[in-house]
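Below: one structure, written as structure tokens.
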Number of protein chains: 2
Amino acid sequence: MIYGVNKMASKERIQRLKDETRINILDAALQIVKEEGWQALSMRKIADVIEYTAPIIYEYYANKEAILLELARKGYLLLAKDLRAAHEQHALPDKQLEAMWLAYWNFAFANKELYQIMFGVTTNCCCEEINKLEEAVMPWDLFTDVIGKVMHIEDPSSDLICTKYYTFWSVVHGLVSINLLSRGSSDEINRQVLTDAIVGIIRSIKPD
Amino acid sequence: MIYGVNKMASKERIQRLKDETRINILDAALQIVKEEGWQALSMRKIADVIEYTAPIIYEYYANKEAILLELARKGYLLLAKDLRAAHEQHALPDKQLEAMWLAYWNFAFANKELYQIMFGVTTNCCCEEINKLEEAVMPWDLFTDVIGKVMHIEDPSSDLICTKYYTFWSVVHGLVSINLLSRGSSDEINRQVLTDAIVGIIRSIKPD
DNA sequence: TAAATCATTTAACAGTGTTAAGCAAATATA
DNA sequence: TATATTTGCTTAACACTGTTAAATGATTTA
């Protein structure tokens with residue numbers, strides 16, 4: 001009986017180690033990508049970092065794509081968190097909306113590699129799989145809610161709200177993408193484009 | 001002497017065949033990409049299509065990247081042509097600007113694969129190399145010229161023009177990217193976002 | 001102590017881009 | 001015409017890639 005308890009504890013300890021390895025794999029992958037870019041990521045390099053051989057990884061992730069997918073998932077959760085935090089920091093819908101898109105912008109550059117795989121910027125991101133991820137989605141409800149409030153529209157499924165949401169998203173994602181391609185202009189122009197667009201769209205959607 | 005002439009003609013014939021093979025390689029590559037996507041493109045597959053073995057390709061292109069680069073270059077030339085055509089079809093700067101961005105939009109979906117490699121949408125496009133390409137650039141002069149006319153600004157190097165140019169580009173490229181990721185909405189909403197944005201920006205930049 | 005399970009590695013396969021060596025036909029030279 | 005030389009092309013190889021199966025050695029179970 002005493003042994004039974006020890007056995008349980010041992011199993012738990014082993015489980016904890018396994019959980020840790022699962023995390024280590026993700027961390028190693030992200031570290032490699034940050035140092036050498038997405039193209040340089042390989043199973044054997046991950047194995048090197050976590051001090052195992054490559055086949056071990058397949059006991060934690062079905063394949064390489066599953067690792068990319070998990071990193072993307074992590075990215076979406078992080079982005080959603082940032083967006084909700086930005087939302088909560090303001091009371092006025094106008095300010096909430098502005099803060100959310102600024103948070104989106106900041107997320108993209110603070111987590112460049114995650115952004116790349118989340119939205120396929122200069123990397124082939126197993127798109128179809130990502131589109132199936134539940135979490136791999138912008139916090140749509142949050143945006144439509146705030147946009148609706150700014151526009152004073154009740155129906156959150158309105159095409160008008162949808163149109164405005166995509167207008168915001170397009171301009172911000174577009175500017176992010178262009179900059180991640182090193183095709184952007186100065187920081188000053190970026191700031192100008194970003195705030196002009198956000199403020200401009202908000203003003204244009206307000207009922208006169 | 002007669003032989004000398006024949007020799008020349010023979011050399012020219014051989015050169016023509018070589019030129020043709022160089023083109024065939026590009027065509028084969030694009031064909032494969034259109035059928036199976038960028039990720040499926042390989043030197044051996046190209047060789048299969050042109051009915052040679054893989055090492056032959058290296059007599060025409062330094063490496064795989066050089067092929068991608070050449071395809072991107074072709075894309076930029078094609079896009080520039082479309083944009084200039086759109087420009088020429090109108091007299092009023094407002095209409096010219098609108099037509100140009102609509103042409104950009106149409107190009108993206110008519111040449112999806114080229115657009116992907118030109119702007120790194122869901123594919124790793126040897127970015128740095130592309131940024132060094134002379135032709136790999138939007139017809140900046142054309143855009144700034146037209147935008148300047150709409151704004152009634154003389155100085156084409158104005159930061160204001162630059163800002164507006166990036167605003168246009170961001171929203172259009174962003175919307176294209178989102179749709180190439182299958183993250184877009186309906187065609188109707190796309191049209192709405194696109195024309196609303198273009199018309200909206202034009203209106204906003206016109207001197208009151 | 002013997003059997004069974006587990007963790008981990010080595011070896012292998014099919015694919016990738018790329019280069020070097022080889023071969024056979026066409027051409028140039030004597 | 002006979003002999004070199006160049007040309008066009010292929011086969012073989014290298015170092016990678018993701019991935020799987022077999023082998024090994026330690027740990028746990030009976």
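Computed from a prediction, not measured in an experiment: that's the story for all the values here. Hydrogens, waters and symmetry mates are skipped; everything else that's a heavy atom, side chains included, is used.
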From CD of A:Glu51 over to P of C:dT9, roughly how many Å is that when rounded to an integer? 10 Å
Select base, sugar-phosphate, or nothing to describe what B:Ile46 touches, counting heavy atoms under 4.0 Å on all strands. nothing
Remember a base hit wins even if backbone is also touched, and classify B:Ile57 as base, sugar-phosphate or nothing at under 4.0 Å, heavy atoms. nothing
Measure from CD on B:Glu36 to C1' on C:dG15 and round the result to the nearest Å. 14 Å
Return the value, rounded to whole Å, for the distance between atom CE of B:Met43 and atom P of D:dT11. 17 Å
Any salt bridge linking B:Asp196 with A:Lys164? Criterion: basic side-chain nitrogen under 4.0 Å from a carboxylate oxygen. yes
Which of these, A:Arg22, A:Arg16, A:Gln15, sits in a side chain to side chain donor-acceptor pair (under 3.5 Å) with A:Asp19? A:Gln15
Heavy atoms from C-beta onward define the side chain here; which of C:dT18, D:dT19, C:dA7 lies closest to that of A:Lys64? D:dT19
Rounding to a whole Å, what distance do you find between B:Leu17:CG and D:dG8:C1'? 12 Å
Ion pair A:Asp94/A:Lys149, N-O distance below 4.0 Å: no
Of the nucleotides C:dT10, C:dT18, D:dC9, which one has an atom closest to the side chain of A:Thr53? C:dT10
Atom pair distance, as rounded to whole Å: CD1 in A:Ile56 and P in C:dA7: 9 Å
Around atom CD of B:Glu129, are there more than 12 heavy atoms of other residues, nucleotides or ligands at under 6.0 Å? yes
Measuring to OP1 and OP2 of C:dA7, would you say a side-chain N or O of A:Lys18 lies under 4.0 angstrom away? yes
Distance in angstrom units between B:Tyr58 OH and D:dT10 P, rounded: 15 Å
Between A:Glu36 and A:Lys45, is there a side-chain N and carboxylate O pair less than 4.0 Å apart? yes
Determine whether A:Phe143 and A:Trp140 satisfy the following criterion, ring-ring contact (aromatic ring centres under 6.0 Å, His included), listing intermediate values before the conclusion. CA-CA 5 Å; A:Phe143 278 109; A:Trp140 170 269; 8.8 Å; no
Using whole Å, what does the distance between atom P of nucleotide C:dT5 and atom CD1 of A:Ile14 come to? 16 Å
Please check if the distance between the ring centroids of B:Tyr76 and B:Tyr115 is under 6.0 Å. no
Whole-Å gap separating C1' (D:dG18) and CD (B:Gln39): 12 Å
Compute the angle between the rotation axes at the two ends of the helix from C:dT1-D:dA30 to C:dA30-D:dT1, each taken over five pairs, rounded to 10 degrees. 30°
Looking at B:Arg44 and C:dG15, is any side-chain donor or acceptor paired with a base atom of the opposite kind under 3.5 Å? no
Look at A:Ser42 and D:dT17 and indicate whether a side-chain polar atom (N or O) is within less than 4.0 Å of OP1 or OP2. yes
Quick one: on DNA chain C, does B:Ala62 or A:Pro55 contact a more 5' nucleotide (nearest heavy atom)? A:Pro55
